[in-house]
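The structure appears right after this line, and notes come after that.
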Amino acid sequence: MEYANYIARCIEIARRGEYFVAPNPMVGAVLVDANGQILAEGWHEQFGQAHAEVNCFKHFEEKNLSTFDFKHSTLFVSLEPCSHYGKTPPCAKLIIEKGVGRVVVGMLDPNPLVAGKGVQMLREAGIEVVVGVMEKECRELNKRFLCLHEQRRPYVILKWAQTADGFIDKKREIEIGKHLNGALTISTPVTKKLVHRMRAENMAIMVGTNTVLLDNPRLMNTHWEGRNPIRVTLDRHNRISADARIFSDGIETIVYRERTDWPFVLSDLAKRNIHSILVEGGTTLLTHILETGIWDEIHIEVAPELSVGDGVAAPKVDLPESFERVDGHQLYTIYNEFVKK
């Protein structure tokens, strides 16, 4: 039996919960008989609802195989089964009750409430447990969840679009109490959808004070499936009015006024159990974050046919040689190798 093939399937089906399970991890489970035949699959579908293992057994029960002996079956799961009572009962206990003979785990759960306790519970019950199959791929699947529990901060993604000559906007004046239109349009309808996919993938979205005052954005996810992110901004000098659109639509909004330094903001967001944040600008905020060195990914869209000659300069970073071309625009991705060490 090739364990990696089944864990790969766990990862594949786990992604079906990508836009709905945060701050929980994405998890997939596959139940296999002694001959390697897949009997049932399940994944974590919604935050606060049944975990992958529970859904897997539920789908198996729908087959009405009442005489099946779980002793010779193997349960594959991309993340260690939980061992504590939270919004749902512990999955490790359910696996023991079913009498599964072997459990293959992609990676251990870094959450202190689990952190090896699930595997220990299974082994103490006499179940054979294999750990660490496709661990690298399992970690990539849940990099946001892992960042929260291992580094005690959200996973940070910086994003901006710029012209061919390196500007993110034309120069505009801020008038307190007025929200001015006329921002430079750089993204295409297609690349804008990709931005909204990023909003769906991350729990929070952040912009600086000037962006709120100039653009009056709603910061919602309107072009992709999934939930709207929590909105975050800074307002040290109380310049943002109560009628700004970031306070609309019943979506949670967090405003930092007294403490606005990046390490504090990240620490506070982690205490709120927010595992990821997409920072969309502007240049002052993005440059501040870059200078701290505390970020994980940068996504830059360049419109190669658009130049403005003068305006608001994009943050200074070295673009990699490779890029993806989408709708005529160049999309660059930069990973912060320093924070991964």
task: Apply the side-chain contact (heavy atoms from CB on, under 4.5 Å) test between P229 and each candidate in N221, L219, N202, L278; give the one that qualifies.
output: N221

query: Between atom CE of M134 and atom CD1 of I11, what is the distance when rounded to the nearest 0.5 Å?
result: 4.5 Å

- prompt: Does the side chain of S73 come within less than 4.5 Å of F68's, by heavy atoms?
  reply: yes

- prompt: Do Y3 and F76 have ring centres separated by under 6.0 Å?
  reply: yes

Near-ring test Y155/F145, centroid separation under 6.0 angstrom: no

query: Out of D109, L108, N111, which one pairs with L79 under the side-chain contact (heavy atoms from CB on, under 4.5 Å) rule?
result: D109

message: Measuring only between side-chain heavy atoms, which start at C-beta, is S83 closer than 4.5 Å to V114?
response: yes

message: Quick check for you: to the nearest 0.5 Å, what is the distance between I254 atom CD1 and I277 atom CD1?
response: 8.0 Å

- prompt: Are D327 and K193 ion-paired here, with the side-chain N under 4.0 Å from a carboxylate O?
  reply: no

- request: Mark yes or no for whether W160, through its side chain, and G282, through its backbone, hold a donor-acceptor pair below 3.5 Å.
  value: no

- prompt: Which of these passes salt bridge (charged side-chain N to carboxylate O under 4.0 Å, His left out) with E150: R139, K143, R144?
  reply: R139

task: Rounded to the nearest 0.5 Å, what's the gap from NZ on K192 to CG on L194? Could you check?
output: 12.5 Å

task: Taking D268 for its side chain and F264 for its backbone only, find out whether a donor-acceptor pair lies under 3.5 Å.
output: no

field: Whether over 12 other heavy atoms sit under 6.0 Å from D318 CG
entry: no

